[in-house]
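Report on the structure given below.
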Amino acid sequence: MPREENRQMEEVRVRFPPSPTGYLHIGGARTAIYNWLFAQKTGGKFILRIEDTDIERSTKESIKGILDGLTWLGITWDEGPYFQSAYADDHQRAAQKLVESGHAYKCFCTQEELEGKREEAKRRKEDYHYDGTCRNLSVDEVNRLEAEGRPFVIRFKVVRGPGGVLFKDAVYGLIEKKYRDIEDFVILRSNGSPLYVLSNAVDDIRDGITHVIRGQDHLANTPKQIMIYEALGENLPQFAHMPLTLDPQKRKISKRAHGEVVSVQYYRERGFLPWALVNFLVLLGWSTSDNQEIFSREKLIEVFSLEGINRANSVFDIRKDDPKFFTDPKAISINAHYLRTIEIEELLPYVQAEMEAAGLWDPAFGAKKKSWFASTVDLIRSRYHTTKDFVNQGRCYFADDFPIEDKVLRKNILKHEDLKQWLPLMAERLEALEEFTVDLIEQAIRDLAAELDVKAGILINGARAAVTGQAAGPGLFEVLAAVGKERVLHRLRETPNLY
RNA sequence: GGUCCCAUCGUCUAGUGGUCUAGGAUAUCGGCCUCUCACGCCGAAGACACGGGUUCGAGUCCCGUUGGGACUGCCA
């Protein structure tokens, strides 16, 4: 009992321990988000630890990519990044301690021997567990083999007898694993380096981790780690395993199999707002009882809880070669939602960044023309899905060179021979306006339509095509006001050249 | 194969024995709005994997079947 009381007094400490073998992917980001949220919620600490023990596969670029990805998402850490490789001594000491206390032993079996036994078992359709050849070696034998210079690994000595490891997972509930189903697993390689199961536990102990929130793929490893904690005489953290994210074929998503579309970077490059991605990701396997889906940062922290984590894996509905959706439609819809609803001031920097990258940025947009810039962005944003759209579909508002879609040209201009005269005529009328306001523009154009005895729609759609190159967009009069008198007149007068 | 986990609309999910002829979101379709396209609003279609129990009553509890996933390395 006193142990539990202590635990409640303890500060919550959670961690995200990525291995730097590639970019930050969706699954990792989601794990980081859940941990971060839990820390924020409980006033605890979120620790970043880079598990770079596999030096062969770890790269500097990968570490940078992970840090950049988290930072972009707004997932900040309170401690670290710590590097696992810096604590090799801890891991070896722990292994040594386990050997000395009789919880582990040196195993001299060679990989070839083991491989042979595995094959043999497989051939006989039996499941293979390490047979314990070295488990009961006498002290003399161990000394002799070591003196011979024979390499050895250290294996954890699993209890042989009835019973098993029982623990309560915050998400999955009671989990039991029988001792007989656990083999004497390796904790230290023959070269002295630790295996994940050991180093991860030792690091969590050193870092004072109170809650281990991680993917369900680690559920099967947990009993082993619990045995290590216990053998080391340490208190257990609380475990919470979260469901995995699968692809539409129900395969675990991975960098290797899915490539870019599962990387955080991809969403950044495709024009996602970081918080929109976080909001989408948190919904993959977690929900509130009232099923709310859009959360501000503060609200999310307020309502997040481990109880809301689902047990079933969820599907990240990525589309391959879908002309309409480049990723899960729901992710896009959430991004579009934020795009059209956040404070315009908050959106502007993202649009600016896109424009700078596209070479469309004019410093005046941030100064003298700022209110024009803001209102123009506001005018067009409701039909955009990503910030990229501002420089693609939105190009005509900010630049003089913009494409006119073929179909639009044919349907809204070429089809009406008279527009060759009418649009320049419209320019005349607009030029005469005292002020270039939406109301006056509308009046002038409707008057012109009446005068010419044509449906206003003909003129309106023609003008839209000539001025924006597109068939769709905001109300034409607003568009003209936004594009500005001078440019509108020019574009209308250019119409004859389109024929 | 063995161990563990999971199972509600295409996808994300609400649902903790009766209020479920199963709710929301997204995607799809239709309508309204309208100069177009979005937005917004209204509406349609769309799911409790199957079979046994338990119970007056089961999406909800139990068992089995099927299906899916994870783990099963001197990877993390």
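In what follows, every chain begins at residue 1, and chains take the letters A, B, ... in the order their sequences are listed.
With rounding to whole Å, A:Ile253 atom CD1 is found 16 Å from B:U11 atom P. One can place CZ of A:Arg311 at 16 Å from P of B:C12, the figure rounded to the nearest angstrom. Atoms OH (A:Tyr179) and C1' (B:U3) sit 16 Å apart, rounded to a whole Å. At whole-Å resolution of the value, CD1 in A:Ile309 and C1' in B:C12 are 16 Å apart. Atom CG in A:Leu379 sits about 12 Å away from atom C1' in B:C37, given to the nearest Å. Going from atom CZ of A:Phe280 over to atom P of B:U11 covers 13 Å, rounded to whole Å. Separating the CZ atom of A:Arg381 from the P atom of B:G40 is a distance of 13 Å, rounded to the nearest angstrom. The nearest whole Å value for the distance from the CG atom in A:Asn335 to the P atom in B:U26 is 14 Å.
Using Watson-Crick or G-U wobble geometry with both donor-acceptor distances under 3.5 Å, B:C35 finds no partner in any strand shown. Nucleotide B:G67 forms a pair with B:C6, judged by Watson-Crick or G-U wobble geometry with both contacts under 3.5 Å. When Watson-Crick and G-U wobble pairs are counted only if both distances are under 3.5 Å, B:C29 pairs with B:G43.
Residue A:Ser289 places no side-chain N or O under 4.0 Å from the OP1 or OP2 atom of B:A14.
Under the 6.0 Å distance and 45° angle rule, A:Arg30 counts as a cation-pi partner of A:Tyr34.
The distance between the ring centers of A:His91 and A:Tyr196 does not fall below 6.0 angstrom. For an aromatic pair to be called close, the ring centres must be under 6.0 Å apart, and A:Tyr338 with A:Phe280 fails this.
Within the structure, every pair that satisfies the salt bridge (charged side-chain N to carboxylate O under 4.0 Å, His left out) test and touches residues 236-256 of chain A, not counting sequence neighbours, is listed here: A:Asp217-A:Lys252. The side-chain hydrogen bond (donor to acceptor under 3.5 Å, both in side chains) contacts involving residues 149-160 of chain A comprise A:Arg160-A:Asp184, where partners must be two or more places apart or lie in separate chains.
Atom CZ of A:Arg118 sits in a crowded spot, with more than 12 heavy atoms from other residues, nucleotides or ligands closer than 6.0 Å.
The backbone N or O of A:Leu492 sits less than 3.5 Å from a side-chain atom of A:Thr495, completing a donor-acceptor pair. Looking only at distances, a side-chain donor or acceptor of A:Trp286 sits under 3.5 Å from a matching main-chain atom of A:Ser305. Of the possible polar contacts, one joining the A:Thr222 side chain to the A:His218 backbone as a donor-acceptor pair under 3.5 Å is found. Formation of a donor-acceptor pair under 3.5 Å by the A:Gln292 side chain with backbone atoms of A:Ile294 is found in this model. In this structure a side-chain-to-backbone donor-acceptor pair under 3.5 Å is missing from A:Asp322 to A:Thr327.
Residues of residues 164-174 of chain A having a heavy atom closer than 4.0 Å to RNA chain B, listed by number: A:Tyr172. Contact check of residues 455-465 of chain A against RNA chain B (heavy atom, cut-off under 4.0 Å) returns A:Ile460, A:Asn461, A:Arg464. In the region residues 436-449 of chain A, proximity to RNA chain B at under 4.0 angstrom, judged on heavy atoms, holds for A:Arg446.
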- Using a 4.0 Å heavy-atom cut-off, write out nucleotides 41-48 of chain B from 5' to 3' as B (base contacted by protein), S (sugar-phosphate only) or - (no contact). --------
- Scoring nucleotides 66-76 of chain B by protein non-hydrogen atoms under 4.0 Å (B base, S sugar-phosphate only, - none) yields --SSSS-SBBB
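Across B:C42 and B:C63, the matching C1' atoms stand 47 Å from one another, rounded to whole Å. Taking the P atom of each, B:U60 and B:C48 are spaced 12 Å apart, rounded to whole Å.
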What are the atom names and distances for every N/O pair under 3.5 Å that joins the protein to nucleotides 60-65 of chain B?
none

Polar pairs (N or O, both sides) under 3.5 Å between protein and nucleotides 27-33 of chain B?
unit_1, atom_1, unit_2, atom_2, d
B:U28, OP1, A:Lys324, NZ, 2.4

Pull out every protein N or O sitting under 3.5 Å from an N or O of nucleotides 19-23 of chain B, one pair per line with the distance.
unit_1, atom_1, unit_2, atom_2, d
B:G23, N2, A:Asn291, ND2, 2.1

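Ring orientation note: the planes of A:Phe239 and A:Phe167 are nearly perpendicular, at an angle over 60° on the 30°/60° scale.
Tested against A:Asp204 for a side-chain hydrogen bond (donor to acceptor under 3.5 Å, both in side chains), the candidates A:Arg49, A:His211, A:Gln225 yield a single pass: A:Arg49.
By the side-chain contact (heavy atoms from CB on, under 4.5 Å) test, A:Ala471 is found to be paired with A:Val408, A:Asn412, residues two or more places apart in sequence or in another chain being considered. Legend: residues meeting salt bridge (charged side-chain N to carboxylate O under 4.0 Å, His left out) with A:Glu183, ordered by chain and number and at least two apart, are absent.
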- Item | Check against salt bridge (Lys or Arg N to Asp or Glu O under 4.0 Å), A:Glu442 and A:Arg446 | CA-CA 6 Å; A:Glu442 171 158 17; A:Arg446 291 204 187 278; 2.8 Å; yes
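For B:C39, the base has no donor-acceptor partner in the side chain of A:Arg383 [N/O atoms by modelled type, under 3.5 angstrom].
Positionally, the nearest nucleotide of RNA chain B for A:Glu176 lies more toward the 5' end than for the other of A:Glu176 and A:Leu476.
With rounding to the nearest 0.5 Å, the separation of CG in A:Asp131 from OG1 in A:Thr133 is 3.0 Å. If you take OG on A:Ser19 and CG on A:Asp52, they are separated by 9.5 Å, rounding to the nearest 0.5 Å.
A:Tyr130 has its side chain within reach of A:Cys109: a pair of non-hydrogen atoms, C-beta onward, lies under 4.5 Å apart.
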